[in-house]
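What follows is a single structure, written as C-alpha cells, with notes after it.
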Amino acid sequence: MTRPQDKLRGWAAARKAILAGLRFTSLRLRLVVVFGLVALTAAVSASGIAYWLNREAVLTRTQDAVLRDFQQEMQNRAGVLPAHPTQGELQHTAGQMAASSQRFSVLLVAEDDSGRTVVGNSGALDTFSLADVPKSLRTAVGKRQAITSSNKDPYHLYWQRIIEGDKPYLVAGTKVIGGGPAGYMLKSLEPEEKDLNSLAWSLGIATGLALIGSALLAQAAATTVLKPVHRLGIAARRLGEGKLDTRLRVSGTDELADLSRTFNHTAEALEKRVADMSARDEASRRFVADMSHELRTPLTAITAVTEILEEELDAETGSIDPMIEPAVKLVVSETRRLNSLVENLMEVTRFDAGTARLVLDNVDIADQITACIDARAWLDAVDLDAERGIMSLLDPRRLDVILANLIGNALKHGGSPVRVSVRASDTDLLIEVQDHGPGIPEDVLPHVFDRFYKASASRPRSEGSGLGLSIALENAHIHGGEITAANSPKGGAVFTLRLPRDPSALTEKPAEPDGATSTGEGA
C-alpha cells in the first residue's frame, strides 16, 4: 500500500522535474509565446475587421433593399388612398404592401372623416403596433420639414434598428407627400444575424487554426535556432570539464555559424595555451625533481662529513682549531638547512605532480602527537591536552609532518609554552596548536601558507626553508582536511588542523613507492 509520505514525495519529484523542464526550455517557450501572441493579434485584428466589414455590407444591402421597396410601396399603394381613408381601406392596402418581395410587416395610420385615428395592420405580425415603433421615430415621421432649395419634400423616410425579444428588427416610417396616411414597416433581421453568426464562427475557427499554425512554426523556428545553441552549451560544458579537444561542426554562413567558428578558434587557442603551460610546468617540476635528486648524492657525503666535524666539536678533547670552530658550526648548520630544503623540494614536487599517496592506518591521536614531540625533544616546551583512545584513520607519517611543522613553527616564531589540544566529533578531528607569542600580523595571515613567503623583506634568510607550512597544508588536503591560521584573543597565534574521521570520506590510494619523508620545520 502506498503511504501518504511516498505520494507527497512523488508529487514533489514530479513538480521539480516539470519546473526543471520549463527552465530548460524557457527560451523555447518564450519564442512560442511571442509567435502565438503575434499570430493571435494579427488573426483577431483581421477577423474583427473582416467581420465588421461583412456585417456592415450585409446589413446595409438588406436595409437598402427593404427601405427602397417600402418607399416604392408607399408611393404606389398608400399614395392612392383618399385623404381620410377608412380602417378597411388601410387594412387592405397594408396587406398589399406586405406582399412585396421583401416580406415585411406594414402598419398604416391615418384620420377618418370624423377626425378619429384609424390603424391598418398587414396581419403578418399580430404584435406589430404603434407601441413597437420608437417614439423618436414617430415624432420624426410626423414632423413637417420646411421646403428649401436643398429640401424639396416636406416628409422623409426614417429608419432604426431595434431589438425585440433578443431578435433584431429594422423599423422604418414615412408619410405620403401631399397629405395622406403615415406608414410604418417592420422587417426581421434574424436571417442576416444567423449568417453573421456563422461568419463569426468561421473567423473564430480560422483564428484558432492560425494560432496553432503559428505555434508549430514557432516550435520549428525555435528548434532551428536553439539546436546550435544547445550544441554550443554542451561544447562549452565539455570545455569547462577539461576536454580541450572539443570542437563544433560548422555549417552555413549565418550568425550562429560565426559563433561556432569563434568558439572553435577560442578552444583551439586555449588548448594550445594550456598545452604550452603544461609543458612549461612539467619542465619546471622535472627540473626541480632532477635537481633535488642530483643534490641528494653530494649532500649525503657532505652530511656525513659535517656529522664527523660536529662530533669533533662536541668531544671534550676536540682537535679542531678554535679559529675555525665558528666556520665549522656554520657549515654544519647550513648543510642541515640545505638537506632539509632538498627534502622539502622533493615533497613539493610530488604534490605538484600528483604522485603523493596515502598509507592509511588506524592510530591513536594522543600517542601519535606524543611520539612527534618526543622525537624532537620538545616535551618540556609543549603542553598536550588530548585524551587517549581517540582513534582516526590517517597516514601516520604525513600527520607527523603536519604536527612537526605546526609545533616547530609555533616554538620558533611564537614562544613557549606551546599548547596542543585535541577535540573530536563523530565526523571530524580538530587539533589546535597555540603559542604565546606576539601573534601573526594581519597582513601576513593570508600568506602564511604560501611557498617561500617571508614576513619581512629585510630577513630573506632564516633557518627554515619557507616550505614547511605549505607542505603541512598539502598533507592536510590529501587527507581531505584543512589548516587555518588565526590570532587568539588572549594573544598568540592559533593553527587549527581539521581532518575527517570517517574512512568512507577518504580516497584510499596505494602506498608511495619511494617512501620519501619530509622533515618538520618552521616557515
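- Atom CZ of residue F449 and atom CD1 of residue I483 lie 5.5 Å apart, to the nearest 0.5 angstrom.
- Without hydrogens or angle criteria, D400 side chain to P396 main chain gives no donor-acceptor distance under 3.5 Å.
- Using a distance-only test at 3.5 Å, with no hydrogens or angles considered, a donor-acceptor pair links the side chain of H479 to the main chain of D395.
- Taking 4.5 Å as the limit, some side-chain heavy atom of F495 sits within range of a side-chain heavy atom of L469.
- Taking SG from C372 and CD from Q368, the interatomic distance works out to 7.5 Å, rounded to the nearest 0.5 Å.
- To the nearest 0.5 Å, atoms CD1 (I369) and CG (L399) are separated by 7.0 Å.
- Closest non-hydrogen pair, A476 versus E482, comes out as CB-N, 4.1 Å.
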Side chain to side chain contact (heavy atoms under 4.5 Å, CB included) between V420 and D383, intermediate numbers included
CA-CA 6 Å; V420 180; D383 294 334; over 6 Å; no

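- Applying the side chain to side chain contact (heavy atoms under 4.5 Å, CB included) rule to S260 yields the partners L248, V250; only residues at least two apart in sequence or on another chain are considered.
- Counting heavy atoms from C-beta outward, R247 and E268 have side chains that approach closer than 4.5 Å.
- You'll find the side chain of I365 stays beyond 4.5 Å of the side chain of M391, heavy atoms only.
- Sparse packing is recorded around CZ of R273, with 12 or fewer heavy atoms of other residues, nucleotides or ligands lying under 6.0 Å away.
- Note: L411 CG to L406 CG = 11.0 Å, rounded to the nearest 0.5 Å.
- Annotation for I390 and A424: closest pair CG2-CB, 3.8 Å, computed over non-hydrogen atoms.
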V359 and R397: CA distance, side-chain angles, deciding distance, side chain to side chain contact (heavy atoms under 4.5 Å, CB included) verdict
CA-CA 8 Å; V359 181; R397 183 188 68 81; over 6 Å; no

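- Nearest approach of D443 to P446, heavy atoms of both residues: O-CD, 3.7 Å.
- Looking only at side-chain heavy atoms (C-beta outward), D428 and R423 stay at 4.5 Å or farther from each other.
- For N405 (side chain) and V401 (main-chain N/O), a donor-acceptor pair under 3.5 Å exists by modelled atom type.
- The CG atom of L379 sits 8.0 Å away from the OG1 atom of T370 when rounded to the nearest 0.5 Å.
- Side-chain contact between V494 and T496: present, with at least one pair of heavy atoms (C-beta onward) separated by less than 4.5 Å.
- Remark: the backbone N or O of I440 is paired with a side-chain donor or acceptor of N487 at under 3.5 angstrom.
- Here the closest non-hydrogen pair linking S47 and T207 is OG-OG1, 3.0 Å.
- Using a 4.5 Å heavy-atom threshold, the side chains of E192 and L189 count as touching.
- Looking at W378, its side chain does come within 3.5 Å of a backbone N or O of R376 through a donor-acceptor pair.
- For the pair H436 (side chain) and P417 (backbone), a donor-acceptor distance under 3.5 Å is present.
- Nearest approach of L499 to G481, heavy atoms of both residues: CD2-CA, 4.1 Å.
- For the pair L430/L497, no side-chain contact is recorded, criterion being any heavy-atom separation below 4.5 Å from C-beta on.
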Would you mind writing out the side-chain donor-acceptor pairs for residues 236-245 within the sub-3.5 Å range, not counting sequence neighbours?
none

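- In plain terms, the two heavy atoms of P168 and I163 that are nearest each other are CA-CD1, 3.7 Å.
- The backbone N or O of V363 lies less than 3.5 Å from no partner atom in the side chain of D361, so there is not a single donor-acceptor pair.
- The main-chain N or O of V418 is never found under 3.5 Å from a side-chain atom of D435 such that the two would form a donor-acceptor pair.
- Annotation: the span from D166 atom CG to E190 atom CD amounts to 10.5 Å, rounded to 0.5 Å.
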